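Here the structure comes first, spelled out in structure tokens, and everything after it is commentary.
FYI, the numbering just counts along the sequence from 1. Keep in mind it's a predicted model, so treat the numbers as computed, not measured. Counting starts at 1 for both ligands and their atoms, following the listed order.
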Amino acid sequence: MTDPRPPVRREFFPRKIRQWLVPLATAGLIGGIGAVLLAMSGVLNLAASTPHPQGWASFLHFAFQRSVAFHSRNLDPPAEIRSAALIEKGATHYDRVCSNCHGAPGMGQNPIALSMRPQPQYLMGSSLKEYTPSELFWIVKHGVKYSAMPAWPAGDRDDEVWAMVAFLGAMKNMNYQQYRDVTLGASKNATGALPMLPPGDLRPQPYVIGGTRTAEAAVNFSTPALGFGHSAEVAEIGKSCVACHGVDGRARASGGIPNIALLTREQIIRQLNLYRTGVRQSGIMQNVAVQLTPQQIAGLAGYYSSQPKVSGAAVKADPTTLALGERIAVRGLPDRGVAGCASCHGVTAAASKAYPGLDGQYPLYLRDQLRLYRTGVRGGDVPANPMPAVAAKMTDREIEAVSLYYASRSPAAPPVEAKDIAPARLAAN
Ligand code: HEC
Ligand code: HEC
Ligand code: HEC
């Protein structure tokens, strides 16, 4: 039987709107062509020498703030956001990079920064108080389009961005002296501690911008590149490390920055080259490493690897956690096919110098690196790097425990034989 009703024509737009469609589309087309012609004519004045008209500048900033609020709404700061470790990790980088544009406590802004349009805000003004930590995270990680505000150069290093947010939170209550103390670190007392190294030859080399997962381009440039915020102090290249890693490589006791005296010369050279080519991502260390020549890298590696290997700080952890850490270090996770860390890194005598020493390293650093291996952000440099596969099978609790365990050991401790470790301590817990 056929349906007696006439077929209903499906209308996408109701009639009332349809009658406006053609005129609107025509107006849009004319407007678009007009905009292209205007741009082609070149009469638009995009010069930064005159500021944006007041209303337009306010509108742009309003749109930016709304965008930040919207995109950061589901971000949660890490538990240690107020810790000295994170604050100190962000401090020197702020001073060398961000303060060029945004100024610092007791110090105003550079006239070159003030000639940018839009102008970088003086963050010590009301600006920092206007944003939540999550909003600051979004701004620092992603930067601001159509402005000089850069994105974080290591796109996958959220942990570093949070360190910068932690520092911004602390900076808003600092005076000049407090700012100087935290940003100069050990370098304020270091006079001529490190040799000035020769500049060396300059060979062009490829450099990855973005990161392993967010790489957008590989460019060629001659190294060393100018680091952002290179200065007379940084030109004296050894001193450039001291603010963060100390004269002895042990960095600061709060533990946000690694103890590099624990590494061998070859390991330091390898890691600096990975940062220098952008293969190992770190918004902080990449800026440092691009400024170094191969000769300087070799000189600094020789210097730091010959410093005494001492833990930077005493570690507090409960015995259950340490026992779990010890079990993972010595036995690994046999149910998941993870070899004991000791077979490469030590605890037992099986350790080899080819692997970085973990004894006495800061727990926060160890934990963060294991997390980075686990998500594939670190370790993609050589197919044979065993760490991504090791970390991929570990839970947060296991990472925490093994990090605390290695951190609690002294780098000078003699190796332990697995058979000497009490079976009770190795039992599942
Ligand atoms: C080359 C200059 C430059 C550098 C370097 C720079 N910024 Fe910015 N930043 C800007 C500009 C320009 C803006 C303003 C964008 C706007 O208003 O649309 C901005 C905006 C900001 C804001 C928002 C301020 C507000 O009141 O809305 C924060 C926070 C910020 N930057 C933090 C940082 C941090 C942290 C660093 C270092 C990692 C940094 N910036 C490095 C130029 C810079
Ligand atoms: C602004 C602070 C800062 C400065 C300056 C700095 N570092 Fe670092 N360094 C760090 C941080 C933070 C890390 C950890 C980065 C990461 O998570 O990958 C690090 C990591 C390293 C590592 C890798 C450690 C490991 O266990 O794999 C080496 C090697 C190193 N730095 C050497 C140097 C040398 C040499 C200099 C001087 C030319 C220097 N750094 C200057 C902050 C700094
Ligand atoms: C087969 C040997 C091997 C095993 C097993 C192994 N590692 Fe590693 N580990 C390495 C190598 C090689 C590196 C250096 C990799 C690189 O440059 O990224 C490394 C690097 C690391 C680092 C970074 C150190 C630094 O200074 O940046 C940490 C942390 C680490 N391993 C922890 C562990 C833990 C915890 C375990 C056990 C669960 C473990 N490793 C098991 C070989 C191993």
Contact between ligand 2 and [X] is defined here as a heavy atom of the residue under 4.0 Å from a ligand atom; is it met?
{"X": "Gln296", "answer": "no"}
{"X": "Gln291", "answer": "no"}
{"X": "Gln267", "answer": "no"}
{"X": "Ala243", "answer": "no"}

Legend entry - Sub-4.5 Å side-chain heavy-atom contact between Phe64 and Pro118: no
Inset, instruction - Tell me, please, if Gln121 has any N/O/S atom, main chain or side chain, under 2.8 Å from atom 8 (Fe) of ligand 1? - result: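 Short answer: no, not a single N, O or S atom is under the cut-off.
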Inset, instruction - Indicate if the distance from atom 8 (Fe) of ligand 1 to the nearest N, O or S atom of His102 falls below 2.8 Å. - result: yes
Legend entry - Ring geometry between Tyr94 and Phe167 (parallel below 30°, tilted from 30 to 60°, perpendicular above 60°):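 Answer is tilted, since the angle falls between 30° and 60°.
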Inset, instruction - Describe, in one word, how the ring planes of Trp56 and Phe59 are oriented to each other, choosing from parallel (under 30°), tilted (30 to 60°) and perpendicular (over 60°). - result: parallel
Contact atoms of ligand 2, heavy-atom distance to [X] under 4.0 Å:
{"X": "Ile284", "result": "1 (C), 2 (C), 42 (C)"}
{"X": "Arg96", "result": "5 (C)"}
{"X": "Thr92", "result": "1 (C)"}

Below 4.0 Å, non-hydrogen atoms only: which portion of [X] touches ligand 3? Side chain, backbone, both or neither.
{"X": "Tyr365", "answer": "side chain"}
{"X": "Asn385", "answer": "side chain"}
{"X": "Leu358", "answer": "side chain"}
{"X": "Leu370", "answer": "side chain"}

Legend entry - Side chain, backbone, both or neither: Leu136 near ligand 1, heavy atoms under 4.0 Å: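 Near ligand 1, Leu136 shows its side chain, while the N, CA, C and O stay back.
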Inset, instruction - With heavy atoms only and a cut-off of under 4.0 Å, state how Met164 meets ligand 1: side chain, backbone, both or neither. - result: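 For Met164, only side-chain atoms sit under 4.0 Å from ligand 1.
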Check if [X] has a non-hydrogen atom at a distance under 4.0 Å from any atom of ligand 1.
{"X": "Ala113", "result": "no"}
{"X": "Tyr146", "result": "no"}
{"X": "Asn100", "result": "no"}

When you check the gap from the basic side-chain N to the acidic O, do [X] and [Y] get nearer than 4.0 Å?
{"X": "Arg180", "Y": "Asp95", "result": "yes"}
{"X": "Arg374", "Y": "Asp396", "result": "yes"}
{"X": "Glu398", "Y": "Arg336", "result": "yes"}
{"X": "Asp359", "Y": "Lys309", "result": "no"}

Legend entry - Distance-only N or O hit between ligand 1 and Gln119, under 3.5 Å: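 Min N/O separation from ligand 1 is not below 3.5 Å for Gln119.
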Inset, instruction - For ligand 1, find out whether one of its N or O atoms is nearer than 3.5 Å to an N or O atom of Trp152. - result: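 N/O-N/O distance under 3.5 Å: no.
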Inset, instruction - Provide the closest heavy-atom pair for Met116 versus Cys101 in the form atom of the first, atom of the second, distance. - result: CE-SG, 3.8 Å
Inset, instruction - Please report the closest heavy-atom contact between Gly283 and Ala154, naming both atoms and the distance. - result: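 Closest approach of Gly283 to Ala154, heavy atoms only: N-CB, 3.4 Å.
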Inset, instruction - Take Glu160 and Ser282 through the side chain to side chain donor-acceptor pair (under 3.5 Å) test and state the conclusion after the steps. - result: CA-CA 8 Å; Glu160 291 189 328; Ser282 162; 2.5 Å; yes
Inset, instruction - Please work out whether any backbone atom (N, CA, C, O) or any side-chain heavy atom from C-beta onward of Leu263 is under 4.0 Å from ligand 2, and answer side chain, backbone, both or neither. - result: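 The part of Leu263 near ligand 2 is the side chain, not the backbone.
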Inset, instruction - Report the part of Asp368 (side chain from C-beta onward, or backbone N, CA, C, O) that has a heavy atom under 4.0 Å from ligand 2; answer both or neither where that applies. - result: neither
Inset, instruction - Assess Met394 for proximity to ligand 3: is some non-hydrogen atom of it under 4.0 Å away? - result: yes
Inset, instruction - Answer with yes or no whether Pro258 contacts ligand 3, where contact means a heavy atom under 4.0 Å from a ligand atom. - result: no
Among [options], closest by any non-hydrogen atom to [atom]:
{"atom": "atom 27 (O) of ligand 2", "options": "Gln369, Arg280, Met285", "answer": "Arg280"}
{"atom": "atom 17 (O) of ligand 2", "options": "Arg157, Glu160, Arg270", "answer": "Arg157"}
{"atom": "atom 34 (C) of ligand 3", "options": "Ala391, Cys341, Gly340, Gly325", "answer": "Cys341"}
{"atom": "atom 26 (O) of ligand 1", "options": "Ser127, Ser99, Ser67, Ala148", "answer": "Ser127"}
{"atom": "atom 42 (C) of ligand 3", "options": "Pro388, Gly357, Pro386", "answer": "Pro386"}

Legend entry - Arg66 to Phe70 six-membered ring, cation-pi geometry met (6.0 Å, 45°):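 Geometry flag: not set, cation outside 6.0 Å or 45°.
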Legend entry - Min N/O separation His245 to ligand 2 under 3.5 Å: yes
Inset, instruction - Any atoms of ligand 3 less than 4.0 Å from a non-hydrogen atom of Tyr355? List them with their elements. - result: 10 (C), 11 (C), 12 (C), 42 (C)
Legend entry - Atoms in ligand 3 flagged as close to Gln271, the criterion being non-hydrogen separation under 4.0 Å: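 Under 4.0 Å from Gln271, ligand 3 has these atoms: 16 (C), 17 (O).
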Inset, instruction - Could you say whether the N/O atoms of Arg378 and ligand 3 ever approach to under 3.5 Å? - result: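 Yes.
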Legend entry - Geometric N/O contact Tyr373 with ligand 3, under 3.5 angstrom: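 Tyr373 vs ligand 3: N/O contact under 3.5 Å present.
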Legend entry - atom 29 (C) of ligand 3: nearest protein contact (heavy atom, Å): Leu366 CD2, 3.6 Å
Inset, instruction - Could you tell me the residue and atom name of the protein heavy atom closest to atom 2 (C) of ligand 3, and the distance to it rounded to 0.1 Å? - result: Cys344 SG, 1.9 Å
Legend entry - Polar contact flag, side-chain donor to acceptor under 3.5 angstrom, Gln109-Gln119: no
Inset, instruction - For atom 8 (Fe) of ligand 2, decide whether Cys241 has an N, O or S atom at a distance under 2.8 Å. - result: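 Under 2.8 Å: Cys241 has no N, O or S contact with atom 8 (Fe) of ligand 2.
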Inset, instruction - Please work out the angle at atom 8 (Fe) of ligand 3 defined by atom NE2 of His345 on one side and atom SD of Met387 on the other, rounded to 10°. - result: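 Centred on atom 8 (Fe) of ligand 3, the NE2/SD angle is 180° (to 10°).
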Legend entry - For Cys101, the ligand 1 atoms whose distance to one of its heavy atoms is below 4.0 Å: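 Near Cys101, meaning under 4.0 Å from one of its heavy atoms, ligand 1 has 1 (C), 2 (C), 3 (C), 4 (C), 5 (C), 43 (C).
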